[in-house]
Protein chains: 2
Amino acid sequence: MSDRGVELRLDAASGLPFYRQIIQQIEHAILARRLEPGDRLPTIRALSVELRINPNTIQKAYAELELRGIVTTQVGSGTFVSDTPIDSAEEELLARIDERVGRFVKDMEELGIGRERMAALVLGFREDR
Amino acid sequence: MSDRGVELRLDAASGLPFYRQIIQQIEHAILARRLEPGDRLPTIRALSVELRINPNTIQKAYAELELRGIVTTQVGSGTFVSDTPIDSAEEELLARIDERVGRFVKDMEELGIGRERMAALVLGFREDR
DNA sequence: ACTATTGTACTAGATGAATAGTACAATGTC
DNA sequence: GACATTGTACTATTCATCTAGTACAATAGT
């Protein structure tokens with residue numbers, strides 16, 4: 001069974017709320033095949049202890065993941081990666097997105113731009129002339 | 001005197017606060033030479049009426065622009081674009097940044113990604129493995 | 001059946017930020 | 001010098017949103 005699983009790392013300074021970081025990292029782990037269908041996610045309580053945050057915050061993340069069909073939850077037994085968490089069409093799209101975001105972030109960081117500013121630039125950009 | 005000046009357009013749905021949109025758009029107008037050194041910006045009150053927002057919101061934007069040396073304010077007469085709002089080294093950098101942001105936004109929009117999501121992806125991206 | 005373990009629901013606190021309200025100060029104009 | 005016009009300062013309200021607290025419900029294991 002090896003080192004299958006998620007290694008969640010929260011960054012309070014990132015500007016992204018915890019629950020959203022969790023979602024993103026789990027999604028990413030699935031795309032990277034570090035999590036596969038059927039794998040069990042850490043229990044809400046276990047994570048809540050490990051990350052030192054409230055159970056509800058993780059619950060919120062898991063709930064959204066379930067809504068998107070990425071995980072399935074079974075009260076009493078846990079939360080599991082769905083059979084087909086991401087269909088292959090979507091998967092390819094996500095891979096492309098990830099690739100572009102990575103390129104962009106790297107480029108911008110080389111220009112000395114921090115994440116927050118990148119985000120602001122993206123939000124405020126207008127094509128107009 | 002022509003059509004020199006700014007055409008500010010606020011978008012409440014953009015996720016960026018008004019005062020920041022104002023800053024960004026004025027900066028952009030300067031880079032695009034639609035505003036030049038010495039040009040007078042709309043008065044706080046005039047904008048407050050036109051945009052239907054509180055004077056203080058514009059004041060906040062102008063204050064930050066002044067702090068950055070981009071504009072100069074004279075109580076009684078108004079707010080003006082500084083002599084050298086942006087030095088040429090910085091200008092080139094900003095142009096490059098703008099270009100990359102534009103490319104990125106366009107790419108992502110073609111993939112069906114909205115601004116908010118782009119911002120979240122940027123904030124949460126991790127190079128790790 | 002019992003008990004522990006899992007997720008769930010609901011409420012409330014806390015925080016932070018953006019914007020608004022209102023009154024003030026300085027300068028320009030006549 | 002009076003008055004209008006400009007920016008400024010300070011406070012407070014609104015608002016959203018995340019996170020925490022706490023108690024509940026369902027399932028699994030024995």
Side-chain angles (χ1 to χ4, degrees), chain A residues 6 8 10-26 38-82 116-117 119-120 123-124, chain B residues 6 8 10-26 38-82 116-117 119-120 123-124:
Chain A
V6 237
L8 293 176
L10 299 186
D11 174 9
S14 97
L16 260 199
F18 291 159
Y19 81 97
R20 201 145 282 289
Q21 295 185 41
I22 295 172
I23 292 171
Q24 210 162 312
Q25 290 180 29
I26 289 178
D39 282 356
R40 187 187 183 199
L41 298 183
T43 71
I44 287 180
R45 279 174 182 76
L47 267 190
S48 116
V49 170
E50 182 184 337
L51 302 178
R52 336 250 299 209
I53 63 181
N54 194 283
N56 248 325
T57 303
I58 296 135
Q59 148 67 6
K60 190 171 182 179
Y62 282 14
E64 177 164 338
L65 286 168
E66 170 148 49
L67 217 62
R68 292 207 219 148
I70 294 180
V71 304
T72 299
T73 72
Q74 293 289 340
V75 177
S77 54
T79 302
F80 303 86
V81 177
S82 305
E116 302 266 334
R117 189 164 166 214
L123 287 174
Chain B
V6 237
L8 293 176
L10 299 185
D11 174 10
S14 98
L16 259 199
F18 291 159
Y19 81 96
R20 200 144 283 288
Q21 295 185 41
I22 294 172
I23 292 171
Q24 209 162 312
Q25 290 180 30
I26 289 177
D39 281 357
R40 187 186 183 202
L41 298 183
T43 72
I44 288 179
R45 278 173 182 78
L47 267 189
S48 116
V49 170
E50 183 185 335
L51 303 177
R52 333 249 302 208
I53 64 179
N54 194 283
N56 249 325
T57 303
I58 296 135
Q59 148 68 3
K60 191 170 181 178
Y62 281 15
E64 177 164 338
L65 287 168
E66 170 149 48
L67 217 62
R68 292 206 220 149
I70 294 181
V71 304
T72 299
T73 72
Q74 293 289 341
V75 178
S77 54
T79 302
F80 303 85
V81 177
S82 304
E116 302 266 335
R117 191 165 165 213
L123 286 174

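Being a predicted model, the structure only gives us computed values, none of them experimental. Chain letters run A, B, ... following the sequence lines, proteins first and then strands; every chain starts at 1.
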For this session: Could you tell me the separation between the CG atom of B:Leu47 and the C1' atom of D:dG7, rounded to a whole number of Å?
Result: 13 Å

Exercise. Taking all atoms of both residues into account, what is the closest heavy-atom pair of A:Gly69 and A:Ser82, and its distance?
Worked result: O-OG, 2.9 Å

Seminar exercise, completed: Whole-Å distance, A:Arg40 CZ to D:dA28 C1', equals 11 Å

For this session: Could you encode protein contacts along nucleotides 25-30 of chain C as a string, one character per nucleotide from 5' to 3', using B for base contact, S for sugar-phosphate-only contact and - for no contact, with a heavy-atom cut-off of under 4.0 Å?
Result: -BBS--

Problem set entry | Note, A:Ile53 side chain near A:Leu47 side chain (heavy atom, < 4.5 Å) | no

Exercise. Looking at D:dT8, C:dT19, C:dT6, which one has an atom nearest to any side-chain atom of B:Gln59?
Worked result: D:dT8

Exercise. In residues 10-26 of chain B, which ones come under 4.0 Å of DNA chain D, going by heavy atoms?
Worked result: none

For this session: Go through C:dT19, C:dT8, D:dT6 for me and flag the one nearest to the A:Thr73 side chain.
Result: C:dT8

For this session: Could you check which of C:dT6, C:dG7, C:dT19 has an atom nearest any side-chain atom of B:Asn54?
Result: C:dT19

Problem set entry | From B:Asp39 atom CG to B:Ile26 atom CD1, the distance as rounded to the nearest 0.5 Å | 11.5 Å

For this session: State the CD1-CG distance between B:Ile22 and B:Leu65, to the nearest 0.5 angstrom.
Result: 9.0 Å

Exercise. How long is the line joining CD1 of A:Ile44 and P of C:dA9, in whole Å?
Worked result: 11 Å

Side chains of residues 73-80 of chain B: which donor-acceptor partners sit under 3.5 Å, not counting sequence neighbours?
residue, atom, partner, partner atom, Å
B:Thr73, OG1, B:Glu66, OE1, 3.1
B:Ser77, OG, B:Gln74, O, 3.4

Seminar exercise, completed: Nearest heavy-atom approach of B:Ile44 to B:Ile58 is O-CD1, 3.6 Å

For this session: Pull out every residue in residues 62-72 of chain A that has a heavy atom closer than 4.0 Å to any atom of DNA chain C, ordered by number, or say none.
Result: none

Exercise. Between atom CG of B:Leu10 and atom CD of B:Gln25, what is the distance when rounded to the nearest 0.5 Å?
Worked result: 6.5 Å

Problem set entry | Rounded distance (Å) that lies between atom P of C:dG7 and atom NZ of A:Lys60 | 18 Å

Problem set entry | Residue pairs fulfilling salt bridge (charged side-chain N to carboxylate O under 4.0 Å, His left out) with at least one residue in residues 41-59 of chain A, sequence neighbours excluded | none

Problem set entry | Short side-chain N/O contact to D:dC18 OP1/OP2 from A:Thr57, under 4.0 Å | no

Seminar exercise, completed: With the side chain defined as heavy atoms from C-beta on, A:Ile53 is closest, among C:dT6, D:dA20, D:dT8, to D:dA20

Pairs of donor and acceptor atoms involving the side chains of residues 12-21 of chain A, under 3.5 Å and at least two apart or interchain, shall be tabulated with distances.
residue, atom, partner, partner atom, Å
A:Ser14, OG, A:Leu16, N, 2.9
A:Ser14, OG, A:Gln21, NE2, 3.2
A:Arg20, NH2, A:Glu64, OE1, 3.1
A:Gln21, OE1, A:Asp11, N, 2.9
A:Gln21, NE2, A:Asp11, O, 2.9
A:Gln21, NE2, A:Leu16, O, 2.6

Problem set entry | Spacing between A:Ile58 atom CD1 and C:dT8 atom C1', to the nearest angstrom | 14 Å

